[in-house]
S.K.: 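Right, I'll just put the structure down here and ask away after.
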Amino acid sequence: MMRLAEVIAEFEPTLLARYEHQLLPSHHRALAALKACRSRFAPQMLATCSGCHAQACLPHSCGHRACPHCQHHEAQVWLQRQLQALVPAT
Ligand SMILES: [Zn+2]
């Protein structure tokens with residue numbers, strides 16, 4: 001399965017060539033965050049297993065609200081809250 005970061009890396013030059021003059025700084029920040037999310041380019045954290053005390057360096061997620069990798073759960077929780085708030089009408 002192709003990661004979103006790979007899709008962005010492949011098509012970002014074409015996107016920028018065509019639309020860079022229309023992109024906002026927030027768009028550039030989103031692209032940078034999504035490209036780095038949970039990759040070797042992201043900041044690392046040292047995780048330790050509480051059972052065997054094995055340690056590993058793991059990449060941080062980006063935390064960007066548009067990221068489907070690290071914000072999927074929060075988006076689903078938000079969606080369920082919104083569905084609860086719907087008026088019961090057709
Ligand atoms: Zn992310």
Side-chain angles (χ1 to χ4, degrees):
M1 184 164 90
M2 188 176 225
R3 295 187 64 233
L4 180 58
E6 294 168 344
V7 174
I8 294 171
E10 183 170 337
F11 295 104
E12 187 177 32
T14 305
L15 171 78
L16 295 178
R18 188 176 294 177
Y19 298 109
E20 185 163 22
H21 62 287
Q22 297 177 14
L23 295 180
L24 300 172
S26 60
H27 297 148
H28 290 283
R29 286 193 298 273
L31 285 171
L34 272 58
K35 276 195 306 189
C37 185
R38 297 181 188 177
S39 74
R40 61 188 168 104
F41 303 111
Q44 304 283 310
M45 66 178 168
L46 182 62
T48 304
C49 174
S50 60
C52 69
H53 304 290
Q55 294 185 324
C57 285
L58 302 173
H60 277 274
S61 57
C62 68
H64 194 276
R65 66 185 175 100
C67 181
H69 293 292
C70 59
Q71 297 298 309
H72 178 72
H73 174 71
E74 284 73 13
Q76 292 302 310
V77 169
W78 177 86
L79 181 59
Q80 289 305 314
R81 270 198 323 267
Q82 301 308 310
L83 289 173
Q84 297 299 319
L86 285 177
V87 175
T90 57

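We're numbering straight along the sequence, starting at 1. Start at 1 and go down the list; that is how both ligands and their atoms are numbered.
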S.K.: Side chains of His64 and Cys37: does their closest heavy-atom pair fall under 4.5 Å?
M.R.: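 No, their side chains stay 4.5 Å or more apart.
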S.K.: With respect to the Zn ion (ligand 1), please indicate if Cys37 possesses an N, O or S atom at a distance under 2.8 Å.
M.R.: yes
S.K.: Taking the side chain as every heavy atom from C-beta outward, state whether Leu23 and Leu16 have any pair of such atoms under 4.5 Å apart.
M.R.: yes
S.K.: Below 2.8 Å, can you find an N, O or S atom of His64 next to the Zn ion (ligand 1)?
M.R.: no
S.K.: Contact between Arg65 and Glu74 at the side-chain level, heavy atoms closer than 4.5 Å - yes or no?
M.R.: no
S.K.: Rounded to the nearest 0.5 Å, how far apart are CD of Glu12 and CD of Glu20?
M.R.: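 It comes to 9.0 Å.
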S.K.: About how large, to 10 degrees, is the angle SG of Cys67, then the Zn ion (ligand 1), then SG of Cys70?
M.R.: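 An angle of 100° at the metal.
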